[in-house]
S.K.: 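Have a look at the structure that comes next, please.
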Amino acid sequence: MLTLFLILYPAAAATLILLFRGERVKQAALVAALVELALAGYAFLGFQPDASSQFGFDYPWLGSLGIRFSAGIDGISVLLVLLTGLLVPLIVLSTFNRNYERPSTFYALMLYMQAALVGVFTARDGFLFYLFFEAALIPIYFLAAMWGGENRIAVTFKFFVYTIFGSLFMLVALVYLYYQTPPTAIAPHSAAIEDFYKLKLTAEAQNWIFWAFFIAFAIKMPVFPFHTWQPDTYVESPTPATMLLAGIMLKMGVYGLIRFILPIAPLGVGTWGKTAVILSVIGIIYGSIIAIRQRDMKRLIAYSSFSHVGLMAAGVFSQTETGLQGALVQMLAHGINVVGMFFVADIIFSRTNTRQLDQLGGITRTTPKLTVFFMIILLGSVALPLTNGFVGEFLLLHGVFTYNNYLGLAAGFTIIFGAVYMLRMFQKSMFGPTSSRTESFSDLTASESWVFISLVLFVFWIGVYPHTFLKVTEPAVVNLMKYIGTATVSMK
């Protein structure tokens, strides 16, 4: 039942927040998000790694058709539920020094999106997963379209069309899988995801199912060449929406690869997995090179995120235990780091009215707190040992190297390129002479400091003691790898 609360509570809180006015809206949204964090923390601390799905519920939705409102938390989803619960209150707190028009609608949309995201990560029914997958798109569309930049309408429309187009492929695959399931005692077919795993599909069927799911998830992450919507959407969206997109929403795609493609279409992965890894590695290098050339901080971070996601996808398709473990822990680490980086860019923009690196400089002279926090988040992003980024990237690169030495070597350039564009951004913005825009730059406020303190805590926690998180996901990953191996042998 805890999972049901995790899904319904943010939606109920969002509906109540629509009734609030004035400054109370921010406080109410923060309290609501903190309660959700407490629930997510309870689920993480109470999770038993040796068990499968926990804290679940199962109610008839379209019972006569075998479609159920069923959800639960397992080792594949538990870190993502924690990530969603952690980041939303920090994103809300990051807005305390900003004023947005129609604040009740603004914060309600954020909580509605949180509810949909938790639904995606916990759904045990294929059509329920699709419902939440699409529902998460609606709040972010309005957040970007109503509070974005000058080109927000065109950019948001492109984003909406891309994601809807990809989701149609997923829907076709889900319908096909549904009709392949045998009849049950109460329904002609089943939409349970676990029943999809039991299907003995032909190699031809698995090949097209692979591409149907891959296109949907590759657009959402995104993976090269399905990425063209991402940089403009990240730049034009208000920073809280960008944080939601990069910190949590793109994880739906990586999660979908693990939850659907690997166990349902192992023969398809065997045929087309190398193509997916190559596309992912191309995205790693391409995104990094484009990031190096950027002068806009927000766009640079957007391409950085695109590059990091490519490594996660490559790790998943390496079909190794270390690759999958790395993808899961890196989703948590990347969410923390990218939210911190976008927050830095937002703080600098709010004080200087620019994100152009050639118009900045000398900020570190008056901002000791911002300088320290910025550097720590940056070091996590470039995978310095003892930071969160190191654990995930090490496991991911190990998985890709195990899969293919040459692709692993190419993927390894992400660390070198990442250091180049991240340190360049830090140098251009924080060091050197001050400009007319930065000479009176003020340091962090109390609310801004608390956001960074929370993020930095997880940067070091994951980096110094990763076993806290790896031990939770390990049994689920081992079971998934055994299932994939058994299914592949039995289908050949």
Side-chain angles (χ1 to χ4, degrees), residues 65-67 76 120 123-134 137 161-183 188-229 252-283 309-310 312-319 324 327 403 480-481 483-492:
L65 297 178
I67 300 174
I76 304 297
V120 168
R124 294 188 297 192
D125 182 280
F127 291 108
L128 184 63
F129 174 88
Y130 178 80
L131 171 69
F132 284 125
F133 195 86
E134 294 301 284
L137 176 63
V161 170
Y162 256 76
T163 51
I164 288 293
F165 174 77
S167 297
L168 289 177
F169 286 93
M170 178 170 63
L171 179 60
V172 171
L174 289 172
V175 171
Y176 175 83
L177 293 171
Y178 170 77
Y179 279 107
Q180 300 308 304
T181 58
H189 300 283
S190 170
I193 296 175
E194 288 188 359
D195 289 339
F196 293 164
Y197 294 172
K198 300 173 185 177
L199 296 175
K200 305 296 182 181
L201 301 174
T202 65
E204 181 181 359
Q206 291 192 39
N207 285 338
W208 80 260
I209 286 174
F210 171 90
W211 280 106
F213 279 121
F214 179 72
I215 291 173
F217 299 139
I219 290 174
K220 190 72 73 173
M221 288 186 278
V223 168
F224 180 89
F226 306 99
H227 67 285
T228 57
W229 64 268
M252 297 195 309
V254 183
Y255 173 79
L257 299 180
I258 301 172
R259 178 66 73 192
F260 285 89
I261 294 183
L262 293 186
I264 295 176
L267 297 181
V269 175
T271 303
W272 295 104
K274 189 171 185 178
T275 301
V277 174
I278 291 173
L279 291 175
S280 301
V281 172
I282 291 173
V309 171
M312 293 182 217
V316 171
F317 285 117
S318 72
Q319 302 175 71
L324 289 175
Y403 178 78
L480 179 61
M481 291 301 301
Y483 176 82
I484 293 171
T486 302
T488 303
V489 172
S490 64
M491 289 175 183
K492 288 184 177 179

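Index from 1, following the sequence.
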S.K.: Ignoring hydrogens, what is the shortest heavy-atom contact between Phe217 and Met252? Give both atom names and the distance.
M.R.: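 Between these two residues, the closest heavy atoms are CD2-O, 4.4 Å.
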
S.K.: My understanding is that only residues two or more places apart in sequence, or in another chain, count here; which of them pass side chain to side chain donor-acceptor pair (under 3.5 Å) with Ser280?
M.R.: none

S.K.: Taking all atoms of both residues into account, what is the closest heavy-atom pair of Gln206 and Leu267, and its distance?
M.R.: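 Taking Gln206 first and Leu267 second, the nearest heavy atoms are OE1-N, 2.7 Å.
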
S.K.: At their closest point, which heavy atom of Ala265 faces which heavy atom of Ile209, and how far apart are they?
M.R.: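 Closest heavy-atom pair between Ala265 and Ile209: CB-CG2, 4.4 Å.
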
S.K.: Just to verify, what does Arg259 make a salt bridge (charged side-chain N to carboxylate O under 4.0 Å, His left out) with, not counting sequence neighbours?
M.R.: Asp74

S.K.: Short question: side chain of Thr181, backbone of Tyr178 - any donor-acceptor pair under 3.5 Å?
M.R.: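 Confirmed, Thr181 side chain pairs with Tyr178 backbone.
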
S.K.: Please list, chain by chain and in numerical order, all residues satisfying ring pair (Phe, Tyr, Trp, His ring centres under 6.0 Å) with Phe196, sequence neighbours excluded.
M.R.: none

S.K.: Determine which pairs satisfy side-chain hydrogen bond (donor to acceptor under 3.5 Å, both in side chains) with at least one residue from residues 212-228, sequence neighbours left out, and list them in order.
M.R.: Tyr162-Thr228

S.K.: When you look at CZ of Phe165, are more than 12 heavy atoms from neighbouring residues, nucleotides or ligands closer to it than 6.0 Å?
M.R.: no

S.K.: Sequence neighbours left out, what passes side chain to side chain contact (heavy atoms under 4.5 Å, CB included) with Ala276? Give chain and number order.
M.R.: Phe210, Phe214, Phe317

S.K.: What pair of heavy atoms forms the shortest contact from Pro263 to Ile258, and how long is it?
M.R.: CD-O, 3.3 Å

S.K.: Could I get the full list of side chain to side chain donor-acceptor pair (under 3.5 Å) partners for Ser167, not counting sequence neighbours?
M.R.: Glu134

S.K.: With Lys198, which residues qualify under salt bridge (charged side-chain N to carboxylate O under 4.0 Å, His left out), at least two apart?
M.R.: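 Lys198: salt bridge (charged side-chain N to carboxylate O under 4.0 Å, His left out) contacts with Asp195.
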
S.K.: Any side-chain heavy atom of Leu201 within less than 4.5 Å of one from Leu177?
M.R.: yes

S.K.: Mind checking what makes side chain to side chain contact (heavy atoms under 4.5 Å, CB included) contact with Leu131, not counting sequence neighbours?
M.R.: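 With neighbours one apart ignored, the set is Trp61, Leu128.
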
S.K.: Can you list everything that forms a ring pair (Phe, Tyr, Trp, His ring centres under 6.0 Å) with Tyr255? Sequence neighbours excluded, please.
M.R.: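 Per chain and number, Tyr255 pairs via ring pair (Phe, Tyr, Trp, His ring centres under 6.0 Å) with Phe121.
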
S.K.: Verify, without hydrogens or angle tests, whether Trp229 (side chain) and Thr163 (backbone) share a donor-acceptor contact under 3.5 angstrom.
M.R.: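 Here the side-chain-to-backbone pair does not exist.
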
S.K.: Val172: what forms a side chain to side chain contact (heavy atoms under 4.5 Å, CB included) with it, not counting sequence neighbours?
M.R.: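 With neighbours one apart ignored, the set is Trp208.
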
S.K.: Tell me the salt bridge (Lys or Arg N to Asp or Glu O under 4.0 Å) pairs involving residues 261-276, sequence neighbours left out?
M.R.: none

S.K.: Does Tyr403 have any ring pair (Phe, Tyr, Trp, His ring centres under 6.0 Å) partners at least two apart in sequence or in another chain, and if so, which?
M.R.: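 Checked Tyr403 against ring pair (Phe, Tyr, Trp, His ring centres under 6.0 Å); zero matches.
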
